[in-house]
Structures are given as C-alpha cells and as structure tokens.
Amino acid sequence: MERQAVQRAREAFLSGRTRPLEFRLQQLHALQRMIAEKETEIATALKQDINRSQYDTPLLELIGIENEIKLAIEKLGEWAAPRPAEKNLLTISDEVYIQPEPLGVVLIIGAWNYPWGLTLMPLVGAIAAGNAAVVKPSELSECSSLLLRALLPRYLDKDLYPVVTGSVSETQELLRLRFDHIVFTGSSTVAKLVMEAAARHLTPVTLELGGKSPCYIDKNCNIRVACRRITWGKFINCGQTCIAPDYILCEPCIQGRVVECIRQTLLEFYGADPKCSPDYGRIVNQRHFNRIMGLMEGYTPVVGGQSDSSQRYIAPTVLKDVPPHSRLMQEEIFGPVLPIVTVSDMDNAITFINEREKPLALYIFCSDKKAIKKMIAETTSGGVTVNDVMMHYTLNSLPFGGVGQSGMGRYHGKHTFEQLSHHRACMVRSLGMESVNLARYPPQNRQRARRARMALTSPLIDMSKRTLVWAILATIIGLGLLIALLVILLIAAGLNCTCWYWRGFYN
Amino acid sequence: MSRQQLAVQRARKSFQTGKTKPLESRIHQLRNLLRFVTERRKDIAEAVKKDLSKSEHGTELFETLGVVGEIKLAIEKLAEWAAPRPVEKSLLTISDEVFVHPEPLGVVLIIGAWNYPWAVTLQPLVGAIAAGNAAVIKPSEVCCHSAKVMEELLPRYLDKDLYPVVTGGVPETQELLRQRFDHIFYTGSSAVGKLVMEAAARNLTPVTLELGGKSPCYIDKNCDITVACRRITWGKFVNCGQTCIAPDYVLCEPSIQSRVQEEIKNCIKEFYTDDPKTFEDYGRIINKRHFKRIMALMEGSTVVVGGDSDESQCYIAPTVLKNVTGESKVMKEEIFGPLLPIITVSGVDEAIQFINEREKPLVIYVFSNENKLIKRVIAETSSGALLANDCLVHFTVSSLPFGGVGHSGMGCYHGRYGFDQLSHMRSCLIKQLKMEGVNSMRYPPHTAKKLGWARFFLLKQINLGRLRRMMLLAMFVGVASFVVQRFLR
C-alpha cells in the first residue's frame with residue numbers, strides 16, 4: 001500500500017505538474033483554506049490526543065502554519081527565480097546563475113507532540129519547492145493522524161501529497177522505498193535508523209531531534225519575569241515540546257527565589273489545581289507517563305509532584321538541588337518536570353553545558369550584554385533565545401534546526417524551501433571567443449600556463465544591479481566634482497585681479 | 001588505542017581549547033596552507049606525475065590553481081563570512097537583536113579521492129579551516145605518492161594536532177569511520193558513498209558527498225560543431241578521462257555523427273599529437289584494476305578513433321566509440337576513462353528522455369546556439385549543475401555551488417558554500433526582560449481576546465526594507481521642500 005502511494009506520487013511528480021508556480025500557489029491556498037475551515041475539527045482531535053486546550057491549538061500550531069503559508073505564497077516568485085551569481089573575468093560575458101529546482105518525492109515523518117505544526121510546516125516548504133510529498137503522521141497522535149488522512153486529500157492533489165498512516169512496520173516499509181529527501185521529526189534513536197535507511201538510497205535527510213535544552217538564570221536579572229517566561233515555555237503542552245527548557249541552571253543563592261516565582265506563576269496560569277484547568281495538557285500515552293514518573297523517583301518535589309495515572313495527568317513539578325549525574329539528567333525529560341541544578345557561576349554553567357551533547361536550544365536569562373555574548377560564544381546549540389524561551393521558533397526568518405545529536409538541516413520560512421530544493425549551478429557560455437580558451441588546451445607550455453593562471457585567478461566581480469547603480473552614480477558624482485573643481489580653478493585664475501579688487505586690495 | 005582514534009582524539013582536544021575560534025588563527029593557518037602549495041609546487045607535481053602521469057603544467061592548471069584561488073578568497077572574505085548575519089524581524093521582535101551566528105562544527109573528516117588528489121582534498125580543507133573546525137585528512141591510498149607527500153609535508157605547515165593526515169587503505173578508513181566526527185566530507189564513488197553515510201548515521205553525523213555519475217553531453221546539430229568538439233575533447237581527455245565532471249558520453253543526431261567523430265579525431269591529434277603515448281600532456285590510468293575495468297567496457301561497441309592500449313604503462317589511447325546504445329556495456333557504469341561513446345538520438349526530446357531515464361548526473365552539458373533549447377534542457381532535466389557550450393569550467397567559478405543531487409551527491413562547496421557547509425548556522429534571538437505586558441496574550445488562562453491579539457502580532461508581516469525606503473523618501477521630500485522654500489522663492 002505504501003509502495004503504491006509512493007509510486008503514484010513519483011509518477012505525478014514526473015508528469016511535471018508541480019513545476020508551474022501557479023499550481024504550487026493553488027495547492028498552498030487550498031492548504032490555507034483547510035486550516036481555516038477545519039480549525040474546530042483539528043482542535044477536537046488534539047483534545048482527544050493530548051488534551052490540548054481550545055486556545056492552545058491555534059496559538060501553538062495553526063498560527064504558525066498560517067504564517068508559513070502566507071510567507072510562501074507571497075515570496076514564492078522570488079524564491080523560485082534564478083539567482084545570478086558573481087562572475088569573474090573569464091565568465092564576464094556568460095550567464096551564470098543558480099536555479100532552484102524540486103528534488104522529487106519528499107517523505108515527511110511527523111511527530112506526536114505538535115502533530116499538525118510539525119507535519120504541515122515541512123509540507124508547505126515541500127509544496128513551495130515543487131516536490132511531491134508523502135506525509136506520514138505519528139501514530140501516537142491517533143485522532144490527528146486519522147483526521148489528516150481524511151482531510152488532506154479533499155484539499156490537496158491526492159496523488160502528489162498522499163497521507164500514509166500506520167505504526168512501526170508501515171514506517172519501516174516506507175523507509176525501504178526510495179525518496180529524494182526525508183524530513184524526520186522525533187527522537188535521536190529513531191533518527192539513526194531513518195538516516196541509515198536513507199543512506200541505502202543516498203537520500204539526503206533533515207532531522208529535527210531533541211535533547212536537553214538548558215536554561216541558565218543569572219543572579220542579577222529580573223527573576224520574576226524570567227521565571228514567568230520559563231514556566232510558560234516549560235509547561236506548555238505538558239512539557240512535551242522539543243524546545244522546552246529541559247532544566248534550569250542557577251546559583252544556589254537564587255534557587256529559593258526561583259522556586260517561589262515558579263510556584264506563583266503556576267498559580268496564576270493554572271490555578272490551585274492544574275488538573276481542573278482547561279489549559280493544562282496530559283501526557284500522550286501510558287508508556288511516556290510511566291517513563292516520566294520513573295524519572296522523578298527518589299526525589300521530593302518542591303512544587304507539584306501529584307499525578308493521576310487514569311488521566312495520564314502529572315502536575316507541574318519542580319525539583320531542586322538535582323545532582324548532575326542523576327537519571328533525570330541523562331535523558332530528555334519531555335514532560336512537566338523541571339529540575340534545578342545549581343552551579344557556582346556562569347563559567348561553571350558553560351562547562352556544564354559543554355560537557356553534554358549539543359542541545360536543540362539554549363536559554364540564557366541575563367541583563368549583562370557582555371556576559372550574554374560570552375555565553376553564546378563559548379557554547380553551541382541549535383538555536384539561542386536570550387531572556388525568553390522558544391521565541392526563536394516563531395520568527396520564520398531564523399533557520400530552525402539542531403546540531404550534533406539534536407539534528408541536522410534546518411527549516412522554517414525560506415529555509416524550508418531551500419532545504420527541499422536542489423540549487424543547480426547553471427552556466428551558459430557562447431561558442432564564440434574560442435581564442436580565449438587556447439591557453440587551456442594542450443600542448444601546455446609556460447606561456448599558455450601563465451595566461452591560464454591569469455584567467456583563472458581573476459577576482460570575482462559583483463555584477464549585481466545595485467553595485468552597477470552605485471558605480472554609475474559614483475562616477476557621475478566624481479566627474480561632476482572634478483568639473484566643478486576645474487571651473488572654480490579657472491574662474492579663480494580668471495578673476496584673480498577682480499577677486500583681489502573686490503577684497504579691497506586696490507583700495 | 002589505534003592510530004586513527006588517537007589522531008581524532010588529539011584533533012578534538014585541540015579544537016576544544018578554542019584556538020580555532022579567533023579569525024586571525026584561521027587566516028594564519030590558511031596562509032600556511034598557501035605557502036605549502038606554492039613552496040612545495042615541485043614536490044606536488046612530482047607526486048602527481050608518478051601517480052597519474054600528469055604534466056607539471058597540467059597539475060598547476062587543474063590542481064593547485066584551484067586551491068590557491070580558494071585560499072585567497074577565503075582569506076579575503078573570512079571576516080564577512082564569519083560575521084553574525086542579521087535577519088528580517090517581525091513586529092513582535094522589532095526591538096530585539098536577531099541574527100544567525102556561524103559557528104564551527106568541531107572535527108571534520110575529509111576523505112579525498114585519487115583523481116585530483118590535491119584539489120579534492122585541499123579545497124574542502126580550506127572551507128573547514130575557514131569555518132574554524134579541526135579536520136582529519138584522509139587522502140586516497142590509490143594515489144600513493146601524493147598521499148605520502150601530503151602525510152610528510154602538510155604537518156610541517158599546518159597545526160599537526162588540528163589537521164592530522166591519516167593515510168591507509170580500506171581497513172584504516174573503516175576504523176576512521178567508526179570514530180565520531182561532526183561532519184564527514186567524502187569525494188568518491190556512489191557505492192562507497194552509501195557506506196560512508198551509513199557509518200555517519202550511527203553517530204548522527206551530517207555528510208557532504210561529492211560523487212559521480214554519467215554526465216551526458218548533448219550536441220545540437222545547428223551549433224558550431226568544430227568549437228563544440230574541441231571543448232568536449234579537452235574536457236573528456238584531461239587527466240585521461242578520470243574527472244568526475246568529464247563529459248561521459250555524447251548524444252547527437254545521426255546526421256552530424258560522422259562530423260562529430262571527425263572533429264574529435266582532429267582535436268585529439270591537435271592536442272596530443274599522432275602518438276599520445278609519447279606525449280607529455282597525456283596522462284595514464286591510475287592502476288591496473290581500473291585499466292582492466294575500462295578496457296572491458298569497450299566490449300560490444302565499435303572503435304572509430306584510438307582504441308590502442310598498453311597494460312604495462314596503464315596507457316589507453318583517446319578513444320571514440322560508436323554503435324553504442326543505452327544497453328551497451330559502456331553505458332552501465334561511469335566510464336572514468338578516455339572512452340567517449342557517441343549515442344544517436346532523434347532530437348533534443350529523445351535526448352531529454354534518455355537523460356531522465358537514468359540517475360541524476362553530476363553535470364549535464366549542452367552545446368547549442370539556441371537559448372530556448374538550453375533553457376528547455378534546464379527546465380526538463382535535473383543534475384548537479386548544467387554547463388552550456390563548454391566543459392568543466394563551472395568548477396572554477398567559486399560563486400557557484402559545486403555538488404551533486406540524487407546519486408551524484410548531496411551538499412555542495414566552493415567559495416562561501418564551503419564555509420557555510422562546514423559551519424553551524426546558529427539562530428540567535430536576544431530579547432529583554434522588560435515589556436512583559438506584551439507577553440500576557442500568550443499566557444494561560446487563555447481567552448478568545450488574548451488569542452485575537454496573538455494572531456495580530458504573529459501574523460502581521462513587516463517589510464522593514466520598504467519602511468526604511470519610505471522614511472528616506474519622506475526625509476528627502478522634507479529637505480527638498482525646505483530648500484525650495486528657503487532658497488528658490
């Protein structure tokens with residue numbers, strides 16, 4: 001079944017109908033309509049999957065997708081146009097440019113924590129780039145994946161963009177087939193298997209993985225505001241966000257205050273009993289619930305700690321003085337448990353972060369610009385947000401992706417288009433001016449070699465329109481000034497006597 | 001601990017000291033590399049002569065010039081490439097600092113190839129050094145003399161901990177691939193490319209694969225066939241056909257086939273004299289195994305030019321084949337040798353179809369005077385690159401990304417692309433802890449009103465460029481009206 005879907009997608013792609021921009025725009029508009037018209041159904045599916053609140057759905061998923069679609073529709077003409085490249089002396093009369101082209105059939109494997117955002121955002125880029133795409137939503141968010149399978153064919157071309165549902169065996173079957181790019185969002189463990197499968201067909205991959213995103217709070221910043229922002233980011237979607245602040249690093253002297261501020265903020269956000277708050281989510285399934293409860297074992301929480309297995313509910317929990325080598329600090333939590341690890345100062349925090357795998361995001365709360373720049377310079381991570389959490393995800397001019405174990409490749413906005421296109425170098429020469437080429441043909445001698453060397457090492461010339469305009473303007477102004485200078489000199493020379501006369505020299 | 005493990009460990013320790021971060025240190029290493037290539041010109045040329053029988057001028061033209069160009073460009077542009085890159089802001093982030101910060105990845109593994117042992121090993125190294133990485137260099141063991149020279153001499157110029165040269169054959173390479181790197185840059189065949197990527201997958205290491213394929217060359221019947229054939233002949237028989245972007249086979253209409261044959265025959269004579277075997281500028285096949293492989297490919301096709309060989313010297317004359325079809329032996333794999341098959345097609349439509357039935361090549365060559373035809377080939381085919389009316393030269397334009405697609409590779413390099421490929425582009429958003437009121441729309445408890453505000457802020461797109469231009473215009477109008485009022489009454 002999977003094989004047929006991929007085969008049909010490839011045949012549909014080879015028919016060439018994704019090439020014209022009008023077609024791609026039409027599909028993007030259709031996707032936009034789907035999001036707008038089916039918002040209620042999507043919200044219901046998400047409530048059943050993960051107890052997402054009615055407002056969180058648009059806030060966290062749909063607005064992001066809308067944004068991407070609007071940007072793609074507006075900019076598609078610009079993105080897909082040939083891009084002139086700088087020429088050198090040898091190629092000055094040639095056409096030299098880079099042509100973005102579709103790759104072919106892209107496989108998009110979605111995740112369960114943001115089933116719509118993480119599946120449809122890559123799809124927007126795939127459509128914009130002119131590819132066909134096989135969409136495989138995660139089976140853990142069952143209602144959403146079934147809804148997607150029902151809805152997408154009603155709005156988009158059903159051959160070009162099939163939805164394939166299923167679990168591990170169906171995914172494995174898909175991965176045996178050949179694609180031109182695979183976009184995978186999920187865990188590092190599964191990502192290794194995806195990349196290995198891709199290697200067999202020499203398929204490039206984009207892997208959006210996770211990791212433990214550290215959150216450093218400097219003692220001299222506004223702790224109240226910092227904690228409010230961290231609390232928001234941590235407990236959204238019940239902590240099941242790839243870029244959620246995983247753990248806090250701070251000095252022991254402010255630990256108590258941090259705990260207090262988080263406690264207060266939790267009260268503000270979810271009330272005294274988060275279980276009753278419509279805005280607080282649940283853990284996606286029993287396995288993850290048990291996993292997270294297991295991580296908390298042996299600790300006494302300073303905030304929260306309550307749970308209800310029947311609802312897969314875990315209260316927003318904060319643990320303090322967590323030892324760096326505990327189990328809690330070995331794997332990505334992906335749940336509403338916030339450990340605080342104390343460090344003696346910022347340098348210590350930097351060492352702590354660098355001893356571990358490169359995270360997907362780094363959060364720094366600090367008012368000192370120099371210290372911020374130092375921390376950015378001495379660490380590495382997929383992305384950084386300073387004095388807030390997760391917001392670098394919302395700006396689609398910033399490339400979103402990981403590094404090292406947190407992933408490879410990036411997307412969002414134009415970057416998805418770039419990632420899912422092939423940038424073909426094109427050079428159109430003419431069959432004339434053959435004499436210029438003589439230097440490169442055998443038999444080679446010193447003279448020819450020297451000429452060839454000169455031609456090949458000539459510097460790149462910026463032939464863009466803006467430079468040309470500046471060059472012309474500068475020449476005109478320069479010439480104008482020169483002429484003005486000459487005129488003044490002439491007048492001065494000619495009026496030498498009159499000048500002195502006027503000054504009263506001849507008085 | 002094995003030799004390979006030690007080298008990687010030392011490189012990583014050295015990288016972690018942070019000494020590659022300052023731009024001055026990277027430029028210093030790049031200058032040293034430049035000195036290496038210029039001072040050791042003779043050693044390099046000798047090694048290449050022993051490996052591939054390439055003449056000294058040939059080595060300079062095809063290997064070292066490219067490297068020198070890359071180094072000079074990197075030195076000149078490094079500050080620009082490594083600087084934080086500002087990006088467009090949204091209404092929500094209008095008062096924040098938003099930029100992309102290029103950072104080194106860590107330890108890069110560069111696996112070189114044997115056909116241009118210096119160019120395809122040192123050019124990626126330039127990008128690696130410029131991006132601030134450490135790099136383990138593994139030259140191909142097949143070009144043993146060049147590998148030896150690299151192993152002996154490179155450490156005398158570059159930091160020997162940061163940029164170790166590790167030589168060896170298949171088992172040593174496999175041992176290297178078991179180590180953990182932050183990026184692997186591989187140039188070679190697709191078959192080995194798959195193994196490299198599989199090994200990289202175990203550590204989630206990103207890869208750049210510069211592979212090969214059969215690069216087709218279509219000659220339109222209405223173009224200047226003499227010039228076209230001269231350029232094709234040059235491109236094909238350079239390095240005895242052992243170039244990843246050499247025109248692998250020619251597609252043309254039957255009416256011009258004999259003309260094409262004649263012209264190529266004449267060019268071969270012009271370039272390599274009547275007896276290419278004795279001619280200095282004509283190379284040799286790298287080893288007996290490849291010699292036998294290429295000789296076997298001639299089976300089933302008719303030789304119209306050349307065809308003679310000498311196994312003791314690994315010499316194969318520049319050869320042109322006809323009566324070749326898509327099923328011939330010579331069309332089953334990348335030739336990588338001095339055999340040029342000519343396949344007849346009824347026109348550009350059939351040529352496009354022929355090309356599309358096969359794997360995406362590293363480059364497609366089109367020879368035609370008609371711009372429309374060229375644009376059509378571009379639109380209806382796919383390849384790493386497309387070069388019209390010449391061969392190979394797109395490799396020398398450092399503003400063009402050089403790389404493959406599909407089975408011909410992934411990722412690209414040259415110039416700035418080399419730097420970008422071997423850097424991590426880290427998104428940075430620096431906000432402030434004030435203006436907390438703006439954030440209240442995102443905090444629970446959620447209400448419809450808050451959502452409305454969020455929608456407004458997140459979906460409003462600001463074109464800052466246009467705003468700036470409008471402000472400038474307004475200022476100009478203000479000044480102009482002031483001048484008019486004051487002075488021109």
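A note on names: the letters A, B, ... follow the listed sequences, proteins ahead of strands, and every chain is numbered from 1.
Between chain A and the options B:Ala448, B:Cys412, B:Ser190, the largest number of non-hydrogen pairs under 4.5 Å is found for B:Ala448. With respect to chain A, the highest number of heavy-atom pairs below 4.5 Å among B:Gly406, B:Pro401, B:Ser382, B:Gly403 belongs to B:Ser382. Contact count versus chain A (heavy atoms, under 4.5 Å) is highest, among B:Arg230, B:Glu280, B:Met441, B:Met425, for B:Arg230. Heavy-atom pairs under 4.5 Å with chain A were tallied for B:Leu209, B:Leu195, B:Thr205; the largest tally goes to B:Thr205. Contact count against chain A (heavy-atom pairs under 4.5 Å) is highest for B:Val98 among B:Asp96, B:Ile374, B:Val98, B:Thr93. Between chain A and the options B:Asp281, B:Val87, B:Leu433, B:Val366, heavy-atom pairs under 4.5 Å are most frequent for B:Leu433.
Residues A:Ile98 and B:Tyr417 share a closest heavy-atom pair of CD1-OH, 3.0 Å. The two residues A:Asp279 and B:Pro445 have their closest heavy-atom pair at OD2-CA, 3.1 Å. Heavy-atom minimum distance, A:Leu362 versus B:Arg426: CD2-NH2, 3.4 Å. Taking all atoms of both residues into account, the shortest heavy-atom contact from A:Thr379 to B:Glu103 is O-OE2, 3.9 Å. Residues B:Pro444 and A:Phe269 approach most closely at O-CD2, 3.2 Å, considering heavy atoms.
A distance-only check finds a donor-acceptor pair linking the side chain of A:Arg424 to the backbone of B:Ile378 [under 3.5 Å]. A donor-acceptor distance shorter than 3.5 angstrom exists from the side chain of B:Lys360 to the backbone of A:Leu103, with no hydrogens or angles considered. Between the B:His101 side chain and the A:Gly383 main chain, no donor and acceptor come within less than 3.5 Å of each other. When atom types are taken as modelled, the side chain of A:Gln54 and the backbone of B:Thr447 share no donor-acceptor pair closer than 3.5 angstrom. Distance alone, capped at 3.5 Å, is enough to place a donor-acceptor pair between the A:His422 side chain and the B:Ser383 backbone.
Here the NE2-CZ distance, from B:His407 to A:Arg178, works out to 3.5 Å after rounding to the nearest 0.5 Å. How far NZ of A:Lys358 is from CG of B:Asp182: 4.0 Å, rounded to the nearest 0.5 Å. Considering CG of A:Asn396 and CD of B:Glu88, their distance stands at 9.0 Å, rounded to 0.5 Å. For the atom pair CG (A:Asp94) and CG (B:Asp390), the distance works out to 8.5 Å, reported to the nearest 0.5 Å. Between the CG atom in A:Asn387 and the CD1 atom in B:Ile430 there is a gap of 8.5 Å [rounded to 0.5 Å]. Going from atom CG of A:Asn222 over to atom CD of B:Gln432 covers 12.0 Å, rounded to the nearest 0.5 Å.
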Item to complete: Assess whether side-chain contact (heavy atoms from CB on, under 4.5 Å) is satisfied between B:Leu387 and A:Arg429, documenting all intermediate values.
Response: CA-CA 8 Å; B:Leu387 178 48; A:Arg429 311 201 80 189; 4.1 Å; yes
Fill in: Check against side-chain contact (heavy atoms from CB on, under 4.5 Å), B:His446 and A:Ser53
CA-CA 9 Å; B:His446 292 307; A:Ser53 86; 3.9 Å; yes
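A salt bridge links A:Arg229 with B:Glu436: at least one charged nitrogen is closer than 4.0 Å to a carboxylate oxygen. A:Lys369 and B:Glu97 are joined by a salt bridge, as a carboxylate oxygen and a charged side-chain nitrogen come within less than 4.0 angstrom of each other. For the pair A:Glu95 and B:Lys375, the salt-bridge criterion is met [side-chain N within less than 4.0 Å of a carboxylate O].
Residue A:Thr203 touches chain B through its backbone alone, counting heavy-atom pairs closer than 4.5 Å. Heavy-atom distances place the side chain of A:Thr91, and not its backbone, under 4.5 Å from chain B. Within the 4.5 angstrom heavy-atom criterion, no atom of A:Glu68 approaches chain B. In this structure, chain B has no heavy atom under 4.5 Å from any part of A:Thr231. Within the 4.5 angstrom heavy-atom criterion, no atom of A:Leu14 approaches chain B. Both the backbone and the side chain of A:Tyr97 come within contact range of chain B, with heavy atoms under 4.5 Å apart. Neither the backbone nor the side chain of A:Lys414 comes within contact range of chain B; no heavy atoms are under 4.5 Å apart.
Summarising the local packing, CD of B:Glu56 is surrounded by 12 or fewer heavy atoms from other residues, nucleotides or ligands at distances under 6.0 Å.
For A:Tyr55, there are no ring pair (Phe, Tyr, Trp, His ring centres under 6.0 Å) partners at least two apart in sequence or on another chain.
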Indicate every side-chain donor-acceptor pair of residues 194-202 of chain A with a distance under 3.5 Å to a residue at least two apart or in another chain.
residue: A:His201; atom: NE2; partner: A:Arg176; partner atom: O; Å: 3.0

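B:Asn439 places a side-chain heavy atom less than 4.5 Å from the side chain of A:Asp388.
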